[in-house]
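Numbers here are sequence positions counted from 1.
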Amino acid sequence: MLTGEEFGRLFETFERTAFRLETLAEYDVEEEREEIARFLAGEDMGPEWDDNPWVRSMTDKGKRVSRVHVLRSPLTDYLRYELAAYPGNIKAGESIGIIDLTERNADGLPEHDFWLFDDRDVYRMHYTPDGRFLGGELLPADRFPEYRGYQDLALSRAVPFARYWERHH
């Protein structure tokens, strides 16, 4: 299981594509706590929100980054924060889709997060019940076709973030 910096290094070493399925309503990320508090207080979030530097560090090298977030309205405070940050991710080059379970069905998708890198490696993400990241588990190569199928299914069910945001914001 990869954690912390080891897991973070995957975002520097993948060559072409990174896809994430997100499924939690809360993620407990220590580095985000202060920013979430500022967001919930209605403060200015600064220029990094307008063009996410972490996403830009990948897309500037010609890499494609995408995600589908499975969620349910009404949104938790964490999801309101995360979705408010998505336009800056999109400006930096990330493609984001939303599956809102109050509007669409996600049958056939796993109820856990994963990352697919370079159409080759699958990392199943493990979290505590309160959303703290425990680590990413590299799954055996023979599981790849199953997770590629999940990616295709998620992309086919998702609506583009901009369309979702327009209807719900």
Side-chain angles (χ1 to χ4, degrees), residues 1-40 45-46 48-49 51-59 61 63-90 92-101 106 109-141 143-144 146-151 153-155 158 161 164:
M1 189 112 71
L2 295 182
T3 59
E5 282 183 26
E6 280 184 317
F7 190 79
R9 217 168 297 134
L10 294 173
F11 298 94
E12 297 162 20
T13 58
F14 81 93
E15 296 169 5
R16 294 177 316 283
T17 60
F19 170 82
R20 179 173 188 179
L21 181 72
E22 276 186 303
T23 62
L24 301 182
E26 291 289 330
Y27 291 90
D28 183 5
V29 182
E30 195 172 329
E31 299 79 28
E32 291 178 340
R33 288 185 189 146
E34 188 181 311
E35 191 173 73
I36 292 170
R38 286 194 349 255
F39 170 77
L40 293 174
M45 299 310 293
E48 291 195 351
W49 264 52
D51 192 341
N52 185 303
W54 180 70
V55 172
R56 179 76 57 196
S57 74
M58 296 177 278
T59 58
K61 294 178 181 141
K63 299 177 182 185
R64 284 184 322 175
V65 181
S66 60
R67 83 174 80 192
V68 169
H69 200 140
V70 179
L71 50 79
R72 181 181 299 280
S73 295
L75 301 177
T76 62
D77 283 346
Y78 181 87
L79 287 176
R80 287 190 315 106
Y81 154 79
E82 188 169 35
L83 269 60
Y86 280 173
N89 289 36
I90 291 167
E94 183 175 4
S95 172
I96 300 175
I98 303 291
I99 299 174
D100 186 332
L101 295 174
L109 289 175
E111 293 183 9
H112 60 263
D113 289 24
F114 67 86
W115 277 98
L116 274 184
F117 292 102
D118 292 330
D119 291 327
R120 183 182 60 225
D121 295 327
V122 180
Y123 285 85
R124 180 182 171 164
M125 309 294 281
H126 293 274
Y127 294 90
T128 63
D130 63 349
R132 193 170 46 79
F133 181 55
L134 295 172
E137 171 192 7
L138 177 62
L139 297 182
R143 301 286 306 275
F144 179 80
E146 171 190 354
Y147 279 80
R148 181 57 196 257
Y150 294 148
Q151 176 187 13
L153 183 59
L155 290 168
F161 173 76
Y164 174 84

Would a 4.5 Å heavy-atom cut-off, applied to side chains only, mark [X] and [Y] as touching?
X: Leu10; Y: Asp121; answer: no
X: Leu116; Y: Val122; answer: yes
X: Val65; Y: Glu94; answer: yes
X: Phe39; Y: Asp77; answer: no
X: Tyr78; Y: Glu32; answer: yes
X: Ile99; Y: Leu109; answer: yes
X: Phe161; Y: Asn89; answer: no
X: His112; Y: Leu21; answer: no

Gap between atom [atom2] of [Y] and atom [atom1] of [X] - 0.5 Å precision:
X: Arg132; Y: Leu24; atom1: CZ; atom2: CG; result: 13.0 Å
X: Leu71; Y: Glu82; atom1: CG; atom2: CD; result: 9.0 Å
X: Glu22; Y: Leu79; atom1: CD; atom2: CG; result: 8.5 Å
X: Ser95; Y: Arg67; atom1: OG; atom2: CZ; result: 10.5 Å
X: Phe117; Y: Leu138; atom1: CZ; atom2: CG; result: 10.5 Å
X: Glu26; Y: Thr76; atom1: CD; atom2: OG1; result: 4.5 Å

Asp119: side chain to side chain donor-acceptor pair (under 3.5 Å) partners, not counting sequence neighbours: Arg148

Parallel, tilted or perpendicular: which describes the rings of [X] and [Y], with under 30° parallel and over 60° perpendicular?
X: Tyr123; Y: Phe7; result: perpendicular
X: Tyr150; Y: Phe114; result: tilted
X: Tyr81; Y: Trp49; result: tilted

Which atoms form the tightest heavy-atom contact between [X] and [Y], and what is the distance?
X: Pro110; Y: Thr23; value: O-CG2, 4.0 Å
X: Ser73; Y: Asp100; value: OG-OD2, 2.5 Å
X: Phe133; Y: Gly4; value: CE2-N, 4.5 Å
X: Ala106; Y: Val70; value: CB-CG1, 4.3 Å

Aromatic contact, Phe14 with Trp115 (centres under 6.0 Å): no

Phe144/Tyr147 aromatic ring centres below 6.0 Å: no

Neighbour count >12 (heavy atoms, 6.0 Å) for atom CZ, Arg64: no

Keeping the roles fixed (side chain from [X], backbone from [Y]), state whether a donor-acceptor pair exists under 3.5 Å.
X: Asn52; Y: Trp54; value: yes
X: Lys61; Y: Glu12; value: no
X: Asp118; Y: Glu15; value: yes

Trace of the side-chain contact (heavy atoms from CB on, under 4.5 Å) decision for His69 with Ile96: CA-CA 8 Å; His69 200 140; Ile96 300 175; 5.5 Å; no

Set of residues satisfying side-chain contact (heavy atoms from CB on, under 4.5 Å) with respect to Glu137, sequence neighbours excluded: Met1, Arg124, His126, Leu139

